[in-house]
Amino acid sequence: MRRSRSSALLVLLAACPGTRTAGTPACPQDRTVVIGSQDDVKRHAACESLSSLTVRTGAPVDLTPMSTLVTISGDLDVGPTVGVEELKLSELREVGGTVRIASNTSLHGLFLPRLEKAGRIEVEANASLTTIALPRLTAVAGAFVVAGNSLLEIVDISALATVGKDLVVADNTALTLIEGGKLETVQ
């Protein structure tokens, strides 16, 4: 009898939401994940989906370890930051809300090589940004805005076919190339 109680207790404890094995990542689906340090990146590196992701920091942060992140149901918000030099989320395919990359002092490159859909795109006021690469992006439900990035030279949106609202590319004084030959519809 005592043995079966112990087994039942173990089963109950394993089912409790507060328990977790050391290797299980904390991938909250009910709140925004905020990245402020490399430890925060490590904590969420194994997540395949998040409700929202915000990066705000003065420290150097590399998001590359978040290579399993495929979907963000809400917003991806990066900025203001001073320590992020490159934003690369290699497996991210869909952002249901807004991709907002704004006021990042050291950011040189925005690379979302597998992103296919987003609710809205805003890339604004990034002092050092030279490259935006979204080569598989096919649809943006809302507006697509790239403005006030004074060093921006290249925007690769070569697969973009549909923008549901405004398409704005303005005040990017160094812009020399926009790859965007498949654009069919803009409201």
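Index from 1, following the sequence.
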For D62, the salt bridge (Lys or Arg N to Asp or Glu O under 4.0 Å) test, sequence neighbours excluded, returns none
- Query: For the hydrophobic clusters of this structure (ILVMFWY residues joined by side-chain heavy atoms under 4.5 Å, transitively), does one cluster hold both V84 and F111?
  - Reply: no
message = When you group the ILVMFWY residues by side-chain heavy-atom contacts below 4.5 Å and let the links chain together, are L134 and V145 in the same group?
response = no
Is there a path of hydrophobic side-chain contacts, each under 4.5 Å between heavy atoms of I/L/V/M/F/W/Y residues, joining I154 to L129? no
Single-linkage hydrophobic cluster V70~V95, side-chain heavy atoms < 4.5 angstrom:
no
Determine whether V99 and L110 make a side-chain contact, defined as any pair of heavy atoms from C-beta on separated by less than 4.5 Å.
no
message = Does any part of the side chain of I178, heavy atoms only, come nearer than 4.5 Å to the side chain of I157, both counted from C-beta?
response = yes
Could you check whether any side-chain heavy atom of L53 comes within less than 4.5 Å of a side-chain heavy atom of I35, counting everything from C-beta outward?
yes
- prompt: Under a 4.5 Å side-chain heavy-atom rule over Ile, Leu, Val, Met, Phe, Trp and Tyr, are V55 and V82 clustered together?
  reply: no
Chi angles and distances behind the side-chain contact (heavy atoms from CB on, under 4.5 Å) call for L92, L76: CA-CA 11 Å; L92 185 64; L76 169 59; 4.1 Å; yes
In terms of heavy-atom contacts, V146 and L152 come closest through CG1-CD2, 3.5 Å
With a 4.5 Å cut-off on side-chain heavy atoms, are L63 and L89 touching? yes
Quick one: does any side-chain atom of T138 pair with a main-chain N or O of A161 as donor and acceptor, under 3.5 Å?
no
query: Just by modelled atom types, is the H108 backbone N or O under 3.5 Å from a matching donor or acceptor in the T130 side chain?
result: yes
Nearest heavy-atom contact between D75 and I72 is O-CG2, 3.6 Å
Interatomic distance, CD1@I132 vs CD1@I101, rounded to 0.5 Å, equals 9.0 Å
Are M66 and V33 packed together at the side-chain level, in the sense that at least one heavy-atom pair is separated by less than 4.5 angstrom?
no
| task | Give a yes or no answer on whether the side chain of S106 reaches the backbone of E85 with a donor-acceptor pair at less than 3.5 Å. | result | no
Can you confirm whether the side chains of N104 and T81 place a donor and an acceptor under 3.5 Å from each other? yes
* Kindly say whether V34 contributes a backbone atom to a donor-acceptor pair with the side chain of T54 at under 3.5 angstrom? => no
Here the pair of heavy atoms bringing T68 nearest to C47 is OG1-O, 3.0 Å
Across all chains, not counting sequence neighbours, the side chain to side chain donor-acceptor pair (under 3.5 Å) partners of E91 are R93, R114
In short, R136 meets P113 closest at the heavy-atom pair CG-O, 3.4 Å
Salt bridge (Lys or Arg N to Asp or Glu O under 4.0 Å) filter on E116, not counting sequence neighbours, yields none
Tightest non-hydrogen contact, residues A118 and I121, listed as CB-CD1, 3.8 Å
Counting only N and O atoms by type, is there a donor-acceptor contact under 3.5 Å from the side chain of N149 to the main-chain atoms of N126? yes
Assess whether side-chain contact (heavy atoms from CB on, under 4.5 Å) is satisfied between V140 and K165, documenting all intermediate values. CA-CA 8 Å; V140 178; K165 301 244 181 208; over 6 Å; no
Taken in chain and number order and not counting sequence neighbours, the residues that satisfy side chain to side chain donor-acceptor pair (under 3.5 Å) with E122 are R100, R120
**Asked** Do S49 and Q29 touch side chain to side chain, with heavy atoms closer than 4.5 Å?
**Response** yes
Side chain to side chain donor-acceptor pair (under 3.5 Å) filter on D156, not counting sequence neighbours, yields S158
Which donor-acceptor pairs under 3.5 Å do side chains of residues 179-187 form with protein atoms, sequence neighbours excluded?
none

Heavy atoms of L112 and P135 approach each other most closely as O-CD, 4.0 Å
